[in-house]
S.K.: 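Here it is, the structure in full.
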Amino acid sequence: MGSPLKVGVVGAGVISAQYSASLKKLPQLQITAVSDFVPERAQALADEHGAQVLSLDELLASPDVDVVLNLTLPRTHAEVALAAIAAGKHVYGEKPLASTVAEGRDVVKAAAAAGVRVGCAPDTVLGTGVQTARALLDAGEIGTPHSATAFMTTPGHERWHPQPDFYYQPGGGPLLDMGPYYLTSLVHLLGPVVRVVGASTRPSQTRTIGSGPRAEESFPVTIDTHITGILEHASGALSTLIMSFDTWAARLPRIEVYGTGGTISVPDPNMFEGSVELFSAATAPAPGPDADNDANWKDVGVKAGYLDSGRGYGLADLAMAVDEGRQHRANDEVALHVLEIMESVQQAADGNTSVTLTTTCERPEAISSPVDLTN
């Protein structure tokens, strides 16, 4: 690895603390500049890293910035990314890539024309949870994978968030909020999607805030809050998806992958690690009233992925990819495809039809063993 990639952070809000903690321990990256519309926030983050506080224009023009870490609100992701690309900078942003597929396409095209790279969260898929599951799949531990389930069920964010309105307006909802974690994991595990169907509903027309200065205040719900989708992967595998802000409790797995020879239980894709369990048909108990299928589930331990990782490891992977001349794993091709999957599931639900996707992507390269990036 050569010199660290110099990082200019745009947006020093809540999520920046998690990135800051990771970047402090990653030698591939160095924060050199920070920009935020709240000067005190920018200064606090800059002080942690010995960086400069600059205006957005100054940061984009700075020779001390190689890559822009875009931590702004989702509605400005594309705007900031396009400005950074125009300035000749690489970009890595929080999810989603853009507010719409059309905006996402503009970002991808601009980056290709400028010869710079665009990366996008989630990079949770690079941790030991999803990568260990990927290693089992690639080793044929469950035979040929033919289907998967992915469930994200909560009663809604208004119970804990003091300003939850945006979750229930266009651009919000469970699919756009949490879908990137689950769908990016499914793409890493089973490859790109070619067609989707969907259905959605809105059981409640209003929500009541549970905490903060607006507690007990009700506000309108203007989008569907329970969404079901079926994804047809290019491989022929089928994934069933439920994203809900209307489920008080459930005993559902986060993600499971089913094959001709067994099942893999994948941990929460919003986390970087967790127990990966394997059920093998080869060791399944004989059928009968005394069969103990639960005993056949085995925690396989850690087999692959970036160790002790956190938000920002996708940016470190981008830095190494630039140095090594390979494609980075949390790339814009995957992010655009995931954005279109989400947009298409909602479109299918609204139109009571199926939607064929227009984008695709390569299944990202696996991290085939446990890797410590801090050394």
Side-chain angles (χ1 to χ4, degrees), residues 70 74 77-78 81-82 85 91-113 116-126 130-131 133-134 137 145 147-148 150 152 171 173-198 227 229-241 243 255 257 266 269-270 314-315 317-318 321 326-349 354-366:
N70 182 6
H77 283 180
L82 288 169
I85 291 166
V91 185
Y92 184 92
E94 252 302 316
K95 53 86 180 169
L97 177 66
S99 296
T100 66
V101 171
E103 287 183 351
R105 288 187 196 277
D106 289 342
V107 172
V108 173
K109 289 179 182 177
V116 299
R117 299 194 182 224
V118 171
C120 185
D123 51 3
T124 48
V125 290
L126 306 183
V130 171
Q131 289 298 315
R134 167 82 180 264
L137 274 174
S147 55
M152 194 293 299
L175 184 59
L176 288 177
D177 177 42
M178 296 299 294
Y181 300 104
Y182 290 77
L183 294 170
T184 305
S185 296
L186 290 173
V187 168
H188 274 253
L189 295 169
L190 296 174
V193 172
V194 294
R195 188 171 67 94
V196 304
V197 296
I227 301 167
I230 298 175
L231 320 177
E232 179 185 347
H233 295 263
S235 65
L238 299 177
S239 291
T240 301
L241 181 77
M243 299 277 117
I255 296 178
V257 183
V266 186
N270 191 24
L315 178 54
D317 185 82
L318 184 152
R326 61 168 173 84
Q327 174 66 297
H328 53 291
R329 293 177 173 92
N331 61 66
D332 51 350
E333 184 182 72
V334 173
L336 179 63
H337 186 58
V338 166
L339 181 58
E340 192 187 15
I341 294 171
M342 294 189 294
E343 197 172 277
S344 297
V345 168
Q346 189 62 65
Q347 182 182 344
S354 67
V355 175
T356 299
L357 273 73
T358 61
T359 64
T360 189
C361 65
E362 294 292 328
R363 189 177 179 225
E365 180 185 356

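Worth saying up front: this structure is predicted, and the values here are computed from it rather than measured.
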S.K.: With sequence neighbours excluded, give me every side-chain hydrogen bond (donor to acceptor under 3.5 Å, both in side chains) pair touching residues 333-344.
M.R.: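 Applying side-chain hydrogen bond (donor to acceptor under 3.5 Å, both in side chains) to every pair that reaches into residues 333-344, excluding sequence neighbours, yields H337-T359, E340-T358, E340-T359.
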S.K.: Report the residues that fulfil side chain to side chain donor-acceptor pair (under 3.5 Å) with R134, sequence neighbours left out, ordered by chain and then residue number.
M.R.: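 Residues passing side chain to side chain donor-acceptor pair (under 3.5 Å) with R134: D138.
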S.K.: Which is it for Y182 and M243 under the side chain to side chain contact (heavy atoms under 4.5 Å, CB included) test, yes or no, and what are the steps along the way?
M.R.: CA-CA 10 Å; Y182 290 77; M243 299 277 117; 3.8 Å; yes
S.K.: Judged by atom type as modelled, is there a donor-acceptor pair below 3.5 Å linking the side chain of H233 to the main-chain atoms of G191?
M.R.: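 The answer is yes, because a donor-acceptor pair under 3.5 Å joins these two groups.
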S.K.: Do you know the tightest heavy-atom contact between N70 and A81?
M.R.: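 Distance-wise, the nearest heavy atoms are ND2-N, 3.9 Å.
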S.K.: Tell me if a side-chain donor or acceptor on R329 pairs with a main-chain N or O of G314 at a distance below 3.5 Å.
M.R.: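 Checked: no pair found.
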S.K.: If you look at every heavy atom in A110 and I85, which pair is closest and at what distance?
M.R.: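 So the minimum-distance heavy-atom pair works out to O-CG2, 3.5 Å.
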S.K.: Suppose we screen for side-chain contact (heavy atoms from CB on, under 4.5 Å). Which residues come up paired with D106, at least two apart in sequence or across chains?
M.R.: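 With neighbours one apart ignored, the set is empty.
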S.K.: Keeping the roles fixed (side chain from Q131, backbone from V125), state whether a donor-acceptor pair exists under 3.5 Å.
M.R.: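 The answer is yes, because a donor-acceptor pair under 3.5 Å joins these two groups.
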S.K.: Kindly indicate whether the side chain of L241, heavy atoms from C-beta on, has any atom under 4.5 Å from the side chain of L175.
M.R.: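 Of all side-chain heavy-atom pairs linking L175 with L241, at least one is under 4.5 Å.
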S.K.: Using a strict 4.0 Å threshold on nitrogen-to-oxygen distance, state whether K109 and D332 make a salt bridge.
M.R.: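 Between D332 and K109 there is no salt bridge, as every charged N stays at least 4.0 Å from the carboxylate O atoms.
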S.K.: In this structure, which one of L183, V187, L357, V197 forms a side chain to side chain contact (heavy atoms under 4.5 Å, CB included) with L231?
M.R.: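 The residue from L183, V187, L357, V197 that satisfies side chain to side chain contact (heavy atoms under 4.5 Å, CB included) with L231 turns out to be L183.
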S.K.: Nearest heavy-atom pair of S235 and L190: which atoms, and what distance?
M.R.: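 S235 and L190 have their closest heavy atoms at OG-O, 3.6 Å.
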S.K.: Quick one: list whatever passes side chain to side chain donor-acceptor pair (under 3.5 Å) with H188, sequence neighbours left out.
M.R.: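 Partners of H188 by the side chain to side chain donor-acceptor pair (under 3.5 Å) criterion come out as none, since no residue qualifies.
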S.K.: Does a side-chain heavy-atom distance below 4.5 Å link E365 with R326?
M.R.: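 Yes, close enough: below the 4.5 Å cut-off.
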S.K.: Is I255 close to S185 at the side-chain level, that is, under 4.5 Å between some pair of heavy atoms?
M.R.: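 S185 reaches I255 side chain to side chain.
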S.K.: Under the rule for side chain to side chain donor-acceptor pair (under 3.5 Å), what residues qualify as partners of H77, not counting sequence neighbours?
M.R.: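 Partners of H77 by the side chain to side chain donor-acceptor pair (under 3.5 Å) criterion come out as none, since no residue qualifies.
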S.K.: What's the shortest heavy-atom distance between G119 and L318, and which atoms?
M.R.: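 Closest heavy-atom pair between G119 and L318: N-CD1, 3.9 Å.
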S.K.: With no hydrogens and no angle check, is any side-chain donor or acceptor of R363 less than 3.5 Å from a backbone partner on P192?
M.R.: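 Here the side-chain-to-backbone pair does not exist.
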S.K.: May I ask you to decide if P269's main-chain N or O and T124's side chain share a donor-acceptor pair within less than 3.5 Å?
M.R.: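 At least one qualifying donor-acceptor pair exists.
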S.K.: For E103, which residues count as a side-chain contact (heavy atoms from CB on, under 4.5 Å) partner, sequence neighbours excluded?
M.R.: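 Expected list: A78, A98, S99, T100.
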S.K.: Out of the candidates V334, L126, T184, D317, only one should pair with P364 under the side chain to side chain contact (heavy atoms under 4.5 Å, CB included) rule; please name it.
M.R.: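 Only match with P364 under side chain to side chain contact (heavy atoms under 4.5 Å, CB included): V334.
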S.K.: Given 3.5 Å as the limit, does a donor-acceptor pair link the side chain of K95 with the main chain of D177, or not?
M.R.: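 A pair under 3.5 Å: yes.
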S.K.: Can you confirm whether V108 sits close enough to L97 that some side-chain heavy atom of one is under 4.5 Å from a side-chain heavy atom of the other?
M.R.: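 A side-chain contact exists here, since the closest heavy-atom pair is under 4.5 Å.
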S.K.: Minimum heavy-atom separation for P96 and C120, please, with both atom names.
M.R.: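 The pair with the smallest heavy-atom distance is C-SG, 4.0 Å.
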S.K.: Run L336 and V101 through side chain to side chain contact (heavy atoms under 4.5 Å, CB included) and show every step you take.
M.R.: CA-CA 7 Å; L336 179 63; V101 171; 4.2 Å; yes
S.K.: Using every non-hydrogen atom in the two residues, find where V338 and P180 come nearest and quote the distance to one decimal.
M.R.: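 Heavy atoms only, the tightest pair is CG1-CA, 4.0 Å.
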